[in-house]
Structure formats: C-alpha cells, structure tokens
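In what follows, every chain begins at residue 1, and chains take the letters A, B, ... in the order their sequences are listed.
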Protein chains: 2
Amino acid sequence: MLALDTRYTPAKATKSSKLVEFMPGVELPGFSMPFERDSEVFGEGEPADFAYKVISGVVRTLRVLDDGRRQISAFYFPGDIFGVEIGEEHANSAEAVTTVEIALVRQSALLKRTGENPAAACELWAQTSQELKRARSHLVLLGRQTACERVANFLLQMSGRQNNDESVSLPMSRTDIADYLGLTIETVSRTLSQMERKGAIALLNCKHIAIKRRDALECSEH
Amino acid sequence: MLALDTRYTPAKATKSSKLVEFMPGVELPGFSMPFERDSEVFGEGEPADFAYKVISGVVRTLRVLDDGRRQISAFYFPGDIFGVEIGEEHANSAEAVTTVEIALVRQSALLKRTGENPAAACELWAQTSQELKRARSHLVLLGRQTACERVANFLLQMSGRQNNDESVSLPMSRTDIADYLGLTIETVSRTLSQMERKGAIALLNCKHIAIKRRDALECSEH
DNA sequence: CGTTTTTTTGAGAGCGGTCAATGATGGTGG
DNA sequence: CCACCATCATTGACCGCTCTCAAAAAAACG
C-alpha cells in the first residue's frame, strides 16, 4: 500500500559529471540529481554502484519485511552521506522523504580515493563509525524504551539536528515516525497528543512542534 | 543487582608487549589478558585507549539506562574485534560473557597504522561497516518482530556463527538473551518452551539447543 | 469546493511484562 | 560424595501498554 514505484532513475549513469565535495576535503567526480517525494533512491539488494550525499531535503533508509512491516534505520539531512556499502549490494532501501536533491559519486571512485588518501579513508571510517554509534542508540530506543520515551527522544533528536531553537519541524509523515520508532501511527499520534495535554509540547500543526518543557517530555503518570 | 565490579584491570598498561595480528594482515604491538566471567572489559564513558579482539570466549557490549534497563548491542566471538571508537570515549560498556582471553592494542597505534597503510584502513572500515550492517538487522528485529521471531532469529544467528551442525550452544544467560532481544527472561523462556512443544527445537539443557525443524521456528498459531 | 489522503480519537483485544512460586543447576564445605 | 545454599531457568496468574479495527477530523490536492 505504500509502494510507490515512482522512481525515475533512467539517467543515473548518463548525467554530466562535475566535482562533488563528497566528504570534507574529499572531492570526487559525480553529479547531482533530484528525486521526488516518496521515490526510491535505491532498493535493497540493488548493486551498490553509487554513494550518495543529501544536498537538500530528507532521505530515509529502511528495510521492508515480506508482510509489509517497515523499519526505518535512519533519516538523512543535507550534508549527510548514505548508501556507502561494504558489500556488492545495498542492504537497505533509500527513499526520498521530501523532494530532495542528491549528489552521487561512484562507489569505486570513492574506494579508489580512500586507497590513495589516508585522510579520506579516515574520514570515511569516521562517517561509518558515527552511523554505527547512532544505530546503537537506536537499538536502546527500540529494545528498551516506552512509546513515550521513544517519541520524546525522537523530538529531541530532530531538534538537535535543526538550528531553530524551540520549534521542531518534522518533514516526515506519522507513518515514517512510527516506522522509525517501532510503533504504530496511532500510538505516535496519541503520545504527541498526550504530551500536548501535559504542556510539554505544542502541536503548531502536524509538521511543526514547539517544545515547551523538556523536563515534562518523559511521560510518567497517566 | 547485576553490577559485579569484579573487573581486574590494574595491569592494562603494564603488560609485556608482543605483536598481535589485530586484523587480517595488520600486526600491531599489543598484549593479551584474561577476564573472568561478568567482569567489565571497559565501561561506557571511559577513555577509548585500547581496541580489543576476542581470543577465546564471548564478550557482550551493552548500554545501561539509569533505572537498570539493559540493551545488549552485540555479542563478540573469537576473532571478532570490538571497542574501536571514533570518539574519545567508549559509547558502550563491554563485559565478559564467559571467561575470556582478549588481545589489546593501543587505539593510537591502530589509527597510526591505518594512516600509513591503506589496506589496513580499508580493513578497519570494512569491520565497522560489517558491524553497522549487523546493527541494522538488529534494528528490524527490535522494532518490528514478535517475541517468537526474535528468539528464532537469535537461534539461527547463533547457529550461523558456530560450525556445529544442528546443536546450538548458548554461552550466555537468559538475561543476556533477553537484553539482546529487547524481551524479558520470562518471555524468552516461554518462547523456547513453546518452540519445543511444537517440535521445532529440543532443549538439550538450558545452554544447548538442537534445531529440529527450521521451518517450524517461526511461530504462527497458538 | 469536493475528493483523497493523512492525522487524530475511540473502543476493545492481545502480546508481552510484572509479580510470584516452583524447579534446575552449580559451587562449596562438611 | 552428598547436603546445603545461591543462582538461574521455568511456569503460572494477572495486568497494562501498545496494537488493531473503526470512525471522525483535519489537511492536502486538484
């Protein structure tokens, strides 16, 4: 029901190539292209020919089980890189959460560069290591936290990635939030409403939330 | 209640140094030392001076919340490396699941080597990347799978890491399994019993399980 | 302004958690 | 070698959080 095969990647390999600063101090030949909302950037199991960097917009990576259950592993914001793989193929799918502009560089070019340039290799490793750290925090959230704690953490996480002081923007749908937090959309919605009733947040509209009292986020009594 | 501060690491820095093959083709000065069951190899927040490799036995890495909730992020078996960090300090604790022998090398030496040797850098990145891949599968398990599926996956995972054909050995306690799977020990125990009743497995003893019918592992009806 | 999609809210059910008791297991000392 | 004790694993009864199903409300879109 969510499967929109709107992806339009016919030109992946035929775009005009220019230099892309893929990581700090690492420029590689590549190109930039737009993806529309909910289109697939790459699919699980597809050959990992390219590495990706978000120029603008938001991307999600996820895995889908046979029966449609989805688990989003991460959201990527402008400047973030994703889709760098050790194996021959992508272990997750990547989709555009919003309209996005994405820079692509050849994975082979990236690996070649890291083979020559220790600083680039270190940077690549640092990126992966950073992702691993995030994934481990995500494990704690999914394995050991209540719905309230998950939503609260999510809001703080999103807040931390934005400069806007006390208003968090949520570019993704409730479905995405739920599939990131291992909950249902109903539980996410109810939890947000409950937080608002307690005065911890204000739902400006469904994509913009003001955090009023951080201490009141963690739900305790009813 | 689980906090055994049995760690005996007084000699971490004063052991006689020899060459350790830390990763394939990467030999570094280091040393090997034993840890007893349930002792701490390193703690969350401690400076990440060393990188570690399991020689024998099993290690767990985990994070503990204020109220005692534990989430185990991974188990490490002989040959596995762990504790390599991008930051100044360890993001997880590491503890001995069984009596273990662990090789230690200085993180600084490892990074210095990867800065000189592209092959070593690539190998380190591959290791981290591999871990990330595992963590992402773990995310799906914790976020989207039922107790039955989690336990079944765990058994298959453990089976896959052992050569013994149809009998899986579980060196860790039920508590460890539960904290890895985001469940309680009661649920783990009940699920295993239920699998046995269905003829999918046989509980030889509480640390040894025979997988009889892989297809029957996934619990469906009652 | 009507249609479709997304979000919110409600009512009820079920899976897994909590609390508690029983049964194994393993280590220790008599 | 066995009795004793401590720890760990299993089982049972019950409860509550989150899911499911359903409908209403709000937002997005043409």
Rounding to an integer number of Å, can you tell me how far [X] [atom1] sits from [N] [atom2]?
| X | N | atom1 | atom2 | value |
| --- | --- | --- | --- | --- |
| His208(B) | dA9(D) | NE2 | C1' | 15 Å |
| Ile185(A) | dT18(D) | CD1 | P | 16 Å |
| Leu203(B) | dT10(D) | CG | C1' | 10 Å |

Next on the checklist: If you take any heavy atom closer than 4.0 Å to DNA chain D, which residues from residues 139-147 of chain A end up in contact?
Outcome noted: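 Of all residues in residues 139-147 of chain A, the ones placing a heavy atom under 4.0 Å from DNA chain D are Thr146(A), Ala147(A).
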
Checklist entry - When only distance counts, do a donor and an acceptor, one from the side chain of Arg197(B) and one from the base of dT11(D), lie under 3.5 Å apart? => result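 No.
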
Using only side-chain N and O atoms of [X], determine if any of them is under 4.0 Å from OP1 or OP2 of [N].
| X | N | result |
| --- | --- | --- |
| Ser193(B) | dT10(D) | no |
| Lys207(B) | dA9(D) | yes |
| Arg190(A) | dT18(D) | no |
| Thr184(A) | dT18(D) | no |

Item to check | Sole residue of Val59(B), Val100(B), Val41(B) in side-chain contact (heavy atoms from CB on, under 4.5 Å) with Tyr76(B) | outcome: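 Answer after filtering Val59(B), Val100(B), Val41(B): Val59(B).
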
Item to check | For the student: nearest non-hydrogen atoms of Pro78(A) and Gly57(A), plus distance | outcome: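 What the structure gives for the nearest pair is CD-O, 3.3 Å.
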
Next on the checklist: I'd like to know if Arg60(B) and Asp176(B) make a salt bridge, using a cut-off of under 4.0 Å between side-chain N and carboxylate O.
Outcome noted: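 A salt bridge is present here (some side-chain N lies under 4.0 Å from a carboxylate O).
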
Item to check | Flag, side chain of Lys53(B) to backbone of Glu21(B), donor-acceptor distance under 3.5 Å | outcome: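 It does hold such a pair.
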
Next on the checklist: Tell me whether Arg134(B) contacts the main-chain N or O of Ser129(B) through its side chain, where contact means a donor paired with an acceptor under 3.5 Å.
Outcome noted: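 The answer is no, because no donor-acceptor pair under 3.5 Å joins these two groups.
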
Next on the checklist: Need one value for Ser189(A): base, sugar-phosphate or nothing, where a base atom within 4.0 Å counts as base even if backbone is also close, heavy atoms only.
Outcome noted: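 Result for Ser189(A) = base.
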
Next on the checklist: Does Leu183(B) reach a base, just sugar-phosphate, or nothing at all? Heavy atoms under 4.0 Å.
Outcome noted: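 Since only primed, P, OP1 and OP2 atoms lie under 4.0 Å of Leu183(B), the category is sugar-phosphate.
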
Checklist entry - So do the side chains of Ile177(B) and Leu170(B) get within less than 4.5 Å of each other, counting heavy atoms only? => result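 Answer yes - side chains close enough.
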
Checklist entry - Are side-chain heavy atoms of Leu155(B) and Ile209(B) found at a separation under 4.5 Å? => result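 Touching, per the 4.5 Å side-chain cut-off.
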
Item to check | Residues that Gln157(B) engages under side-chain hydrogen bond (donor to acceptor under 3.5 Å, both in side chains), provided they are two or more places apart | outcome: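 So Gln157(B) forms a side-chain hydrogen bond (donor to acceptor under 3.5 Å, both in side chains) with Tyr180(B).
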
Checklist entry - Got a sec, which residues hit side-chain hydrogen bond (donor to acceptor under 3.5 Å, both in side chains) with Asp67(A), two or more places apart in sequence or on another chain? => result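 For Asp67(A) the side-chain hydrogen bond (donor to acceptor under 3.5 Å, both in side chains) partners, ignoring immediate neighbours, are Arg69(A).
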
Checklist entry - Between Phe42(B) and Tyr52(B), is the ring centre distance below 6.0 Å? => result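 Yes, close enough.
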
Item to check | Span of DNA chain C in contact with chain A (heavy atoms, under 4.0 Å) | outcome: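 Going 5' to 3' along DNA chain C, contacts run dT7(C) to dA11(C).
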
Checklist outcome for this item: Going 5' to 3' through nucleotides 22-27 of chain D and flagging B where a protein heavy-atom sits under 4.0 Å of the base, S where only the sugar-phosphate is that close, and - otherwise, we get ------

Next on the checklist: Please enumerate all residues that pass salt bridge (charged side-chain N to carboxylate O under 4.0 Å, His left out) together with Arg136(B), with sequence neighbours excluded.
Outcome noted: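 With sequence neighbours excluded, Arg136(B) shows a salt bridge (charged side-chain N to carboxylate O under 4.0 Å, His left out) to Glu131(A), given in chain and number order.
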
